[in-house]
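This report concerns only the one structure given below.
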Protein chains: 2
Amino acid sequence: MQTESGASPGSQLLPVLSGLVDLLRQLQGPEQPSSVALTVLRLLAERGPGRVTDLARLARVSQPGMTQLVGRMEKAGLVRRVADPGDGRAVLVELTAAGREQRARTFAYHAATLDTLFERLDPRDSDVITQALPALIRLVDAGHAERPGHSPSGGEL
Amino acid sequence: MQTESGASPGSQLLPVLSGLVDLLRQLQGPEQPSSVALTVLRLLAERGPGRVTDLARLARVSQPGMTQLVGRMEKAGLVRRVADPGDGRAVLVELTAAGREQRARTFAYHAATLDTLFERLDPRDSDVITQALPALIRLVDAGHAERPGHSPSGGEL
DNA sequence: TATTGTTATACTCTATAACTATA
DNA sequence: TATAGTTATAGAGTATAACAATA
């Protein structure tokens, strides 16, 4: 794998990102939640209960698609729906204990897999990557800022 | 978005990766090839013609799944099947001109999207990320090395 | 009227099992 | 026998359109 050094930052980062995505594709683990389901588990764990509409927007799927996914996750015991006290139209989706546990197990499994890769790396490479993480986080946040009506550190979910 | 500084490298990188994956999910572009199809385009562009079996392994899908995907891509005019001169059982999949062009367009679109994010970033952050790319590439290669029977810089595809 | 959510329906994608052909 | 690929079939996942209920 190689990148051209004279190219734009985006075109240099892209193949690396593609490689990392492929890498994550193999990190399925025992329970195999889908990519979007994993995102929902993460959003609910990080931000607390949220509306179907907000989850759909943040996970970049349609509203009916999110309704259906929440239905499957509810059936699997990972989330529950509760009425929104302030808005009779809305539903709040929240993690169950089982959902929180599955999220923790999957996170731990993926992190452990990545750790085995880091062990094979020159410690200087590990350091360079670790030092770049805050900048990468800000890059991701810059992507969030692109979406109108969404504040990066979130209040609406 | 935030990570704990005392945690393992893997558990620090993981949420960042998740964010980047979410970011890529939005980068669909006009032609919307699926994630696996995009991987196949990339593999064929980077490595040249390859067998169905090898593509299936590298893209982490089943062999019949890859047969079906190649069939759809062939129908769309993106790839063609040619007989493997050295092995009567095998088929070599190769990009058509149209496939190469779509791959280039998608790559350019994604890279441009990432570039707009970099423009919003502090130049120091951009530099730190750029400097970490070679280390990240080696991390991805470490993931490839995990697969028995596959040499990172590839000869069999 | 606009918004939240669901239901109905169809399509894409992918997997497992069974099969054919070649090594 | 083992390997490369395909076909058959079924299931998961997701989208668009149409609908119901509340703001």
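We name chains A, B, ... by the order of the sequence lines, and we start the count at 1 in each one.
- Regarding Arg57(B), its CZ atom lies at a distance of 15 Å from the C1' atom of dG5(D), rounded to whole Å.
- Under the 3.5 Å distance criterion, the side-chain polar atoms of Asp84(B) are left unmatched by any main-chain donor or acceptor of Val91(B).
- Counting distance only, with no hydrogens placed and no angle test, the side-chain atoms of Gln63(B) and the base atoms of dA15(C) include no donor-acceptor pair under 3.5 Å.
- The pair Asp54(B)-Arg47(B) fails the salt-bridge criterion, with no side-chain N (NZ, NE, NH1 or NH2) lying under 4.0 Å from an Asp/Glu carboxylate O.
- At least one side-chain heavy atom of Arg138(A) sits under 4.5 Å from a side-chain heavy atom of Pro134(A).
- Sequence order on DNA chain D of the closest nucleotides to Thr67(B) and Gly65(A) puts Thr67(B) first from the 5' end.
- Between Leu69(B) atom CG and dT7(D) atom C1' there is a gap of 16 Å when expressed in whole angstrom units.
- Side-chain N/O atoms of Arg51(A) include one lying less than 4.0 angstrom from OP1 or OP2 on dT4(C).
- As rounded to whole Å, 16 Å separates atom P of dT22(C) from atom CG of Leu92(B).
- The CG-C1' distance, from Asp54(B) to dA4(D), rounds to 10 Å in whole Å.
- Under the side chain to side chain contact (heavy atoms under 4.5 Å, CB included) test applied with Met73(A), the options Leu95(A), Thr96(A), Val79(A) reduce to a single match, Val79(A).
- Atom C1' of nucleotide dA2(C) and atom CG of Asp87(A) are separated by 12 Å, given to the nearest angstrom.
- Across all strands shown, Ser62(A) has heavy atoms under 4.0 Å from base atoms, whether or not it also approaches the sugar-phosphate.
- Between Leu136(B) and the options Val16(A), Leu121(A), Asp125(A), a side chain to side chain contact (heavy atoms under 4.5 Å, CB included) holds for only Val16(A).
- For the pair Arg105(B) and Gln102(B), the minimum side-chain heavy-atom distance is below 4.5 Å.
- Picking from dT16(C), dT6(C), dT4(C) the nucleotide with the shortest atom distance to the side chain of Val52(A) gives dT6(C).
- In this entry the distance linking CE of Met66(A) with C1' of dT7(C) reads 17 Å, nearest Å.
- Judged by atom type and distance alone, Gln68(A) does not reach the base of dA12(D) through any side-chain donor-acceptor pair under 3.5 Å.
- Remark: Ser34(A) is not in phosphate contact with dA12(D), judged by side-chain N or O atoms under 4.0 Å from OP1 or OP2.
- Look at CZ on Arg89(A): it is 7 Å from P on dA23(D), rounded to the nearest Å.
- Checked options Leu69(B), Leu92(B), Thr67(B); the residue passing with Val52(B) is Thr67(B) (criterion: side chain to side chain contact (heavy atoms under 4.5 Å, CB included)).
- Contacts between residues 71-86 of chain B and DNA chain D, defined by a heavy-atom separation under 4.0 Å, are made by Arg81(B).
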